[in-house]
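Starting from 1, each residue takes its place in the sequence as its number. What you are looking at is a predicted structure, and each value in this text was computed from that prediction instead of being measured.
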Amino acid sequence: MKKIKNFITIVMFGATAISCAQQAPIVHDPVVIEQDGTYHLFCTGRGIGHYTSTNLQDWEKADPVFAERPTWTPKVVPDFKNHIWAPDIIEHNGTYYLYYSISAFAKNTSAIGLTINTTLDSDDENYKWEDQGIVVQSVPNRDLWNAIDPNIIFDENGDPWMSFGSFWNGLKMVKLSDDLKSVAQPEEWETIARRERSFELEDRDPGDAALEAPFIFKKGEYYYLFLSWDLCCRGENSTYKVVVGKSESATGPFVDADGKPLNQGGGTLLIEGNENWYGVGHNSVYTFDDKDYYFSHAYDANDNGSPKLVTKEITWVDGWPTIAPMY
């Protein structure tokens, strides 16, 4: 593994922000899981980026998940270069399920794939990623949604659902089969969040209803839907921010703190950028050692807009998550 040096970790616990010269990766769209005392971070990158840590502060770069592009990807995105977006990782019944996105930029020529492994330890003799192919696919002019940014949640009945989406007509949710490898039959779909889209836009156009990156986290009796509004990936023009809503059901409807449904444009602001950070977003949320943590990337205005890992401890106030603002 290669140690990442000379970057600043942004670590914020409660209302206190700590900036220190820890070893932290430049990442985009981070998700995290723990196995046997080691934290594994997966993110957008060539072959899916992979980093490890024992303390959530010092990170080491590991080999990517895919040395070569998955064999099916050029059939969806011609001449696909193995730059894979926005993964999600879960463990279920002793197997690790890593979902990932492939897409042409600013098009819904997209698909969400799945690869599985019995361990995340690359030194284990059983370490081997086995690709399962496409779970769901979007096609221009057929679908007014985009098959990227997957996130898996089990509902109150133990049934698996995948939320996903970016721009177009909002964020979707579809029930998965029990093996987590395909859409369940008969199909069950929900629209869990959306913003108003200009009617005159063509279906191929991503549109002006900028939202993406759903992540659902259960806390107590509620499911919390986190999502990102506005624009990522545009350097000084990035305007990413994170909003949240909650529901007593994993499939919604989710409402914000004012009671407005997220599928009608609602969303309570959790965090946004400032003069030092062009934008912050595409987050994930987990409980580690009885503490709830927020992970995302933010675009560093003092480093040419580089996307850097942000880690924060969540506190809960009147049933809503709160985190320290960007410094």
Side-chain angles (χ1 to χ4, degrees), residues 3-32 39 41-45 49 51-61 86 210-213 215 217 219 224 226-245 256-257 267-327:
K3 182 80 84 170
I4 304 298
K5 298 181 178 179
N6 300 324
F7 299 120
I8 299 296
T9 305
I10 307 155
V11 185
M12 300 185 184
F13 298 106
T16 302
I18 305 172
S19 176
C20 50
Q22 304 287 356
Q23 275 54 344
I26 288 182
V27 304
H28 216 268
D29 315 327
V31 292
V32 182
Y39 300 97
L41 182 152
F42 297 93
C43 61
T44 291
Y51 297 82
T52 64
S53 174
T54 57
N55 60 10
L56 296 177
Q57 296 183 41
D58 303 290
W59 294 92
E60 294 184 349
K61 189 174 184 178
L211 75 173
E212 58 190 11
F215 194 95
F217 175 74
K219 178 72 173 180
Y224 291 83
F226 298 81
L227 62 146
S228 296
W229 278 2
D230 300 337
L231 302 178
C232 81
C233 320
R234 290 164 172 81
E236 65 182 11
N237 295 317
S238 300
T239 54
Y240 242 11
K241 56 181 65 70
V242 176
V243 302
V244 64
D256 66 18
T268 295
L269 181 66
L270 180 67
I271 190 169
E272 60 185 338
N274 56 27
E275 66 274 11
N276 292 316
W277 300 93
Y278 295 129
V280 53
H282 203 118
N283 78 295
S284 55
V285 176
Y286 308 94
T287 301
F288 296 128
D289 295 327
D290 298 322
K291 295 180 180 179
D292 297 329
Y293 290 96
Y294 163 104
F295 299 87
S296 74
H297 66 264
Y299 300 101
D300 190 346
N302 298 301
D303 190 16
N304 298 313
S306 296
K308 296 185 179 179
L309 177 64
V310 176
T311 305
K312 302 183 180 182
E313 188 176 328
I314 297 174
T315 57
W316 298 85
V317 179
D318 297 328
W320 291 93
T322 64
I323 54 179
M326 299 304 294
Y327 65 87

Does any N or O in the side chain of Asp300 come within less than 3.5 Å of the main-chain N or O of Asn302, such that one atom is a donor and the other an acceptor?
yes

For Ser238, all residues meeting side chain to side chain donor-acceptor pair (under 3.5 Å), sequence neighbours excluded
none

By side chain to side chain donor-acceptor pair (under 3.5 Å), which residues pair with Asn274, not counting sequence neighbours?
none

Name all residues meeting the side chain to side chain donor-acceptor pair (under 3.5 Å) criterion together with Asn304; count only those two or more places apart in sequence or in a different chain, and write none if there are none.
none

Sequence neighbours excluded, the answer for ring-ring contact (aromatic ring centres under 6.0 Å, His included) partners of Tyr278 is none

Name all residues meeting the ring-ring contact (aromatic ring centres under 6.0 Å, His included) criterion together with Tyr294; count only those two or more places apart in sequence or in a different chain, and write none if there are none.
none

Residues which pass side chain to side chain contact (heavy atoms under 4.5 Å, CB included) with Asp318, listed by chain and number, not counting sequence neighbours:
none

Once side chain to side chain contact (heavy atoms under 4.5 Å, CB included) is applied, do any residues pair with Lys219, and if so which ones, sequence neighbours excluded?
Phe217, Tyr224, Asp292, Trp316

With the side chain counted from C-beta on, respond yes when Cys43 and Tyr51 share a heavy-atom pair under 4.5 Å apart, and no when they do not.
yes

Sequence-distant partners of Asn237, side chain to side chain contact (heavy atoms under 4.5 Å, CB included), two or more places apart
Arg234

Given 3.5 Å as the limit, does a donor-acceptor pair link the side chain of Tyr39 with the main chain of Asn55, or not?
no

For Thr322 and Thr315, indicate whether the former's side chain and the latter's backbone hold a donor-acceptor pair under 3.5 Å.
yes

Decide side-chain contact (heavy atoms from CB on, under 4.5 Å) for Phe295 and Val27; before the verdict, give the C-alpha distance in whole Å, the side-chain angles of both, and the deciding distance to 0.1 Å.
CA-CA 11 Å; Phe295 299 87; Val27 304; over 6 Å; no

Residue list, side chain to side chain donor-acceptor pair (under 3.5 Å) with Thr239, at least two apart or on another chain:
none

Any sub-3.5 Å donor-acceptor pair from Ser296's side-chain atoms to His282's backbone N or O?
no

Determine whether Trp59 and Lys61 satisfy the following criterion, side-chain contact (heavy atoms from CB on, under 4.5 Å), listing intermediate values before the conclusion.
CA-CA 7 Å; Trp59 294 92; Lys61 189 174 184 178; over 6 Å; no

Starting from the C-alpha separation in whole Å, work towards a yes-or-no answer on side-chain contact (heavy atoms from CB on, under 4.5 Å) for Leu309 and Leu41.
CA-CA 10 Å; Leu309 177 64; Leu41 182 152; 3.9 Å; yes

My understanding is that only residues two or more places apart in sequence, or in another chain, count here; which of them pass ring-ring contact (aromatic ring centres under 6.0 Å, His included) with Phe215?
Tyr286

Using a 3.5 Å distance criterion without hydrogens, assess whether the side chain of Thr268 forms a donor-acceptor pair with backbone atoms of Ala257.
yes

Heavy-atom closest contact (Gly245 atom, Trp320 atom, distance)
CA-CZ3, 3.9 Å

